[in-house]
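As C-alpha cells, the structure follows; a few thoughts come after it.
For ligands, and for the atoms within them, numbers begin at 1 and follow the listed sequence.
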Amino acid sequence: MQNLMQKIISLCKRRGFVYPSSEIYGGFGSGYDFGPLGVEMKNNIKMAWWEEITQVQENIVGLDAAILMSPKVWDASGHLTAGFADELVECKKCHHRFRKDFLEKEKCPDCGGELTLPKKFNLMMKTFVGPVEDEASVAYLRAETCQGIYLNFLNVLNSSRLKIPFGIAQIGKAFRNEITPGNFIYRTREFEQMELQWFCHPKTANKFFEYWKGIRMKWYLSLGIKKENLRFKEIPKEELAHYAKRVVDIEYKFPFGWKEIEGIHNRGDWDLSNHSKHSGQDLRYVDELRSSSPSLRSVFDEETKEKYFPYIIETSAGADRSFLTFLIDAYHEIKGGRTKTTKAVKEEEVVLKLDKKLAPIKVAVLPLVKNKPELVKKAKEVYQMLKPHFVCQYDEADSIGRRYRRQDEIGTYLCLTLDFESLKQDDLTIRNRDTMKQQRVKINDLVRTLKEKLEN
Ligand code: ATP
C-alpha cells in the first residue's frame with residue numbers, strides 16, 4: 001500500500017497540489033507547499049468546515065488570533081513544562097534521535113547502536129520578539145490554535161450576546177518541532193488546525209461531548225469519506241494529554257495504518273482555571289439565567305448567581321491531514337481507462353472522485369478541436385462568462401479524450417465541450433466526472449444549470 005502513497009505524492013507534485021518546501025535548496029524540515037490546485041482544495045476544505053461550524057451549527061462565532069502570544073500563555077497552559085514533551089532516546093553511535101514510543105526494539109533503527117536513556121524534548125518552537133535576542137524576548141510559535149480562543153473568552157463574551165453553551169471557532173497555523181515528521185503531509189512541523197472550543201456548564205459536558213463526536217464524524221461522511229475507512233478510538237486514561245479529561249479520536253484507514261485525523265477532547269476547566277490563576281483575571285462565567293427571569297429575581301439575589309469555570313469540549317481537526325484523507329479516499333484507478341483516446345493502447349486512468357464542494361476545479365471548458373477558430377472563440381467566450389461564477393479551466397491542447405483524463409485526474413466535476421453543433425445551436429455538452437453522462441444545454445441557460453448542479 002506504500003505504493004498508493006507514492007502515486008498520490010507523485011500526482012500532487014505533477015499536477016500542482018503539493019510540492020516539497022524549499023525544493024531548489026534540497027527541501028527543508030519535511031515541510032510542504034500547496035500549489036495552485038492544492039490551495040484551492042485546502043481552501044474548500046476550510047470553507048466546508050467553517051460553514052458547518054459557524055453557520056449550520058448554532059451559537060458559534062469565529063476568531064482569528066495572533067500566532068505569537070505572550071510566553072506566559074504557554075506557562076499557564078502547561079506546554080512549557082513536561083506536559084508537552086516527547087520522550088527521546090539518542091543513539092550513542094550515530095547520534096540520531098527517536099521518539100521512544102515509536103521504537104519497536106531497544107536498538108537504533110538506523111545503525112543498530114546502543115541507545116541512551118529517554119530524555120524529555122519540548123515540541124514548542126522558540127523565536128525572539130524585538131531586536132534583542134535575550135531570555136526576556138523569547139516567544140513561541142503557537143503549538144495549538146485554541147489558546148488564542150481561551151485568551152479571548154472574556155472579550156467575545158463581553159462583545160457579543162452569547163450565553164453558555166456557546167462556541168468559538170478558529171482556523172490557523174500551528175507549529176510543533178516534531179521529532180519524526182513523515183508520511184507526506186500527515187505529520188509536519190507547520191500545519192493548520194480547524195478547532196472548535198465549546199464552552200458549557202460542567203454538568204452538560206458529557207452530553208455535548210457525545211453531540212460533537214457525532215457531528216464531526218458526520219462531517220467527514222457527508223463529504224464522501226467511505227464509512228469503512230473511519231472509526232472512533234477512545235484514548236485510555238493513562239495516555240491522555242495533560243489537559244484532557246476524556247479524548248476520542250476520529251481515525252482514518254491510511255495506507256500506512258489507522259491514524260488520528262481529529263481529536264474530540266473534554267478539556268474540563270483546565271484552560272480557563274489556569275489562565276485565571278496565572279493572569280489574575282477572573283475567567284469564571286456568571287450564569288445570568290436566574291437573574292434575568294423576573295419571577296426568579298426575587299428568589300435569587302446577585303449573591304446566589306452561579307459563578308463557574310465552564311468546561312470546554314474541543315474538536316480539533318488538521319486541515320492538512322483532512323486534505324490527505326480526502327485525496328486518498330477519492331483516488332480511483334481504472335485499469336485500461338474508461339474514456340476513448342485516439343491511441344490504440346489503453347492506459348490506466350486516474351479519477352479523483354472528490355466531493356464537488358472540495359474539487360479544486362469545478363468546471364473545465366473544452367473546444368472539441370483547436371484548429372477551428374470559430375469554435376475556439378466561442379469556447380473562450382464561454383470560459384470568460386463562467387470565470388466570475390466558478391473556478392474554471394480552459395484547455396484546448398491534445399485530443400478531447402486526453403483532456404477528459406487530465407480533468408478526471410484532478411477531480412474536475414464538470415467538463416463542458418463545444419462541438420460543431422454548438423456553433424449552430426448555441427449550446428454545449430456537460431459531462432459529469434463520475435457518471436460520464438453527457439447532457440446538451442443552451443449557453444444562455446448555462447450559469448443557472450451549473451449553479452444547480454454544483455450547489456445542490
Ligand atoms: P499525534 O498523536 O498524531 O501527534 P496529537 O494527538 O498530538 O496528534 P492534537 O494535539 O490532538 O494531535 O491535534 C489535533 C489535530 O491537529 C490532529 O488530529 C491532527 O489532525 C492535527 N495535527 C497535530 N499535529 C500535527 C502535525 N504534526 N502535522 C499535521 N497535523 C497535525
Side-chain angles (χ1 to χ4, degrees), residues 18 21 29-34 38 42 45-46 49 53 74 77-79 82-88 98-102 121-125 141-150 169-198 209 212-213 216-217 219-220 225 230-254 256-267 270-271 312-329:
V18 181
S21 157
S30 304
Y32 289 93
D33 299 337
F34 287 79
K42 200 175 182 197
I45 293 172
K46 290 190 281 184
W49 183 89
I53 299 294
W74 305 107
S77 71
H79 284 77
F84 197 60
D86 280 340
E87 291 228 296
L88 287 196
F98 307 92
R99 252 172 83 164
K100 182 158 186 299
D101 50 343
F102 283 11
F121 174 87
N122 197 283
L123 295 182
M124 296 284 293
M125 292 230 195
L141 303 187
R142 65 183 178 196
E144 53 183 24
T145 55
C146 54
Q147 295 300 329
I149 294 182
Y150 308 143
Q170 180 170 223
I171 298 177
K173 290 260 182 175
F175 303 82
R176 295 180 190 175
N177 203 2
E178 297 277 0
I179 312 308
T180 333
N183 286 322
F184 193 33
I185 54 171
Y186 178 80
R187 186 181 302 283
T188 50
R189 297 191 170 109
E190 173 181 347
F191 54 95
E192 264 183 297
Q193 290 188 312
M194 309 186 286
E195 295 198 314
L196 163 69
Q197 309 298 316
W198 181 253
F209 189 94
W212 286 112
K213 231 178 87 185
R216 293 306 303 142
M217 181 59 102
W219 185 75
Y220 292 101
I225 303 289
L230 287 167
R231 71 177 188 194
F232 287 120
K233 184 180 174 193
E234 179 92 37
I235 305 301
K237 276 246 167 324
E238 57 281 9
E239 289 173 29
L240 293 184
H242 60 281
Y243 54 76
K245 280 191 174 315
R246 186 180 168 203
V247 175
V248 170
D249 286 344
I250 297 179
E251 291 193 330
Y252 179 73
K253 195 176 177 189
F254 286 98
F256 43 89
W258 283 98
K259 298 273 178 208
E260 167 182 348
I261 54 172
E262 170 159 353
I264 320 293
H265 307 141
N266 178 348
R267 298 180 70 122
W270 167 270
D271 302 279
I312 293 170
I313 306 301
E314 167 185 66
T315 70
S316 179
D320 315 77
R321 276 191 197 175
S322 300
F323 185 101
L324 185 59
T325 305
F326 286 119
L327 263 189
I328 292 174
D329 217 68

Over-ring placement of R321 relative to Y186, 6.0 Å and 45° cut-offs
yes

Do any nitrogen or oxygen atoms of G318 lie less than 3.5 angstrom from nitrogen or oxygen atoms of ligand 1?
yes

Just which atoms of ligand 1 are under 4.0 Å from any heavy atom in H265?
11 (O)

Ligand 1 atoms nearer than 4.0 angstrom to some heavy atom of R187 are 1 (P), 3 (O), 4 (O), 27 (N), 28 (N)

Does K259 pair with D249 as a salt bridge, N-O distance under 4.0 Å?
no

R189 contact mode with ligand 1 (heavy-atom cut-off under 4.0 Å):
neither

Looking at R267 and E144, is any side-chain nitrogen of the basic one under 4.0 Å from a carboxylate oxygen of the acidic one?
yes

Ligand-residue contact atoms, ligand 1 with E262, heavy atoms, under 4.0 Å
18 (O)

Please could you name the atoms of ligand 1 that E178 approaches to less than 4.0 Å, counting only its heavy atoms?
24 (N), 26 (C), 27 (N)

Would I261 count as a polar contact of ligand 1, with the cut-off being nitrogen or oxygen pairs under 3.5 Å?
yes

Ligand-residue contact atoms, ligand 1 with S316, heavy atoms, under 4.0 Å
13 (O), 14 (C), 15 (C), 18 (O)

Quick test of your reading of the structure: of F175, Y243, F191, whose heavy atom lies closest to atom 23 (C) of ligand 1?
F191

Once you measure the plane-to-plane angle for F326 and W219, does it fall in the parallel (<30°), tilted (30-60°) or perpendicular (>60°) bin?
perpendicular

With side chains defined as the heavy atoms from C-beta onward, is the minimum distance between L88 and F98 less than 4.5 Å?
no

Counting only heavy atoms from other residues, nucleotides and ligands, does the tally under 6.0 Å from NZ of K233 exceed 12?
no

Taking everything shown except K213 itself, do over 12 heavy atoms lie less than 6.0 Å from its NZ?
yes

Hey, is ligand 1 close enough to T188 that some N/O pair sits below 3.5 Å?
yes

